Amino acid sequence: MNLTQELELYPDHSVTQMLFKEVKNAAELRQKAVDGKINGALINPTMLVNSFQLLVAANKAVHLQKTGKMKTRSLYSEIIFNLSPTNNISEAFKRFGISDGDDSVLVVLVHNKDESQLLSDIAAKVDGRQIPVEDISSLSDAAKIKKLYKVTPREETCGTLLDAVVCRMATKDVM
Amino acid sequence: MATESSMALPEFLGKAELLKQGAEARVYRAQFLGKPTIVKERFQKRYRHPVLDEKLTHRRTVQEVRSILRCRRAGISAPVVYFVDYNSHCIFLEEITGSSTVRDHITSCPEAELERLAERVGQILAKMHDEDVIHGDLTTSNMLLRHSPEDGESDLVLIDFGLSYISALPEDKGVDLYVLEKAFLSTHPNTEALFEKLLKSYTASSKMSSAVIKKLDEVRLRGRKRSMVG
């Protein structure tokens, strides 16, 4: 159901993703996040191709936090910023964060090994049905993703959409 | 904080499998975020002045990563970049599994297949140069053939963009081809005709080939053991 990946570069840190469908309280959740009451990142899953995309963003965020080079003010906002192909922070939130009318949400937490309590705490706040994170591709809006990341059919001849997205995320700072 | 981050990577690399150590960088294989990954570490060169070393190393890392993305955007297969650590100058790349180098193929393949291979290499290099990407280290060891699961043609993948840069000059593209020619002919004896095929394919596929080939001819006349009487 949940998906947890330990960050090889920062072994004390693990990233857990939880995916929810038929979410009824997106507006409430978004407000709580803005108020800093949620210890996690709330992400719009329709903009994600695959959970790997999220892991790449999270790894980069933790790395930047540890080296004191984050562009945003918190780890969770940094994860959302890293997903975006542009350097505009508010645009990143608009596109990858959740909006009031959303009916699905991906919750991301970065934690130490034994923090299962945190997971159930957050899951309890979401009024929706939890589905396996592996099912995230069923929620992906490929057309919207291709448009935002400006992926051309030419590029898709040498790799998947995930490849194109991850490559841009990893090289954003120098392009 | 800074010491904390500089502790994690060396430990990670210490556990990874060292594949190659060159003059410029060390190449490791490891698992990263659940995927088989190649890590290219441009280590500190103590024989250089530290300020210069930092500038050069950083610039090379950035150029490598930019060239890869530029190639991919044009549909040229190159490893996907997963993560770049600009502090330790490490690039985390997709590991191209199930592949062999073009170099190994040339030494073991039948004649008919080789002609097709030369044709494809010419095409991919034409595409790359049309994107104004200069590879900088074209050899048959830096080209991989990724075997496809179905019985289709294997995928030609370019790797090691460590010396690459962006340039529109036919001179730079000519030199790029010259580097390949020298590497090709010295690694694979008696393959002049095969390389000619490669150049023919390049000329047919590239939009600016005549200027490039002209420069290639000029460059051939320079270099070691060449008469500069003119």
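Everything numeric in this text was worked out from a predicted model, so none of it was measured.
The line from CD of A:E8 to OG1 of B:T37 is 7.5 Å long, rounded to the nearest 0.5 Å. To the nearest 0.5 Å, atoms OG1 (A:T171) and CG (B:L69) are separated by 4.0 Å. Atoms CG and CG, on A:L9 and B:D85 in that order, are 7.5 Å from each other to the nearest 0.5 Å.
Residue B:R59 qualifies as open at atom CZ: its count of foreign heavy atoms under 6.0 Å is 12 or below. When the shell of 6.0 Å around NZ of A:K144 is examined, it contains more than 12 heavy atoms from other residues, nucleotides or ligands. Atom CZ of B:R103 has 12 or fewer neighbouring heavy atoms from other residues, nucleotides or ligands inside a 6.0 Å radius. The environment of B:K200 atom NZ is sparse: at most 12 non-hydrogen atoms of other residues, nucleotides or ligands sit within 6.0 angstrom. No more than 12 heavy atoms of other residues, nucleotides or ligands shown are found within 6.0 angstrom of NZ on B:K55.
Taking non-hydrogen atoms and a 4.5 Å limit, the residue list of residues 128-140 of chain A in contact with chain B is empty. Of residues 156-170 of chain A, those residues lying under 4.5 Å from chain B by any heavy-atom pair are A:T157, A:C158, A:G159, A:L162, A:D163, A:V166, A:C167, A:R168, A:A170.
Taking each heavy atom of A:V56 and B:Y82 in turn, the nearest pair found is CG1-O, 3.4 Å.
Heavy-atom distances place the backbone of B:I76, and not its side chain, under 4.5 Å from chain A. Contact annotation for A:K69: only side-chain heavy atoms (C-beta onward) come within less than 4.5 Å of a heavy atom of chain B. Heavy atoms closer than 4.5 Å to chain A are found in the side chain of B:K35, but not in its backbone.
The shortest side-chain heavy-atom distance between A:H63 and B:F83 falls under the 4.5 Å cut-off. Side-chain contact check for A:M175 versus B:R66: some heavy-atom pair is nearer than 4.5 Å. Within the 4.5 Å cutoff, the side chain of B:F92 has no heavy atoms near those of the A:N59 side chain.
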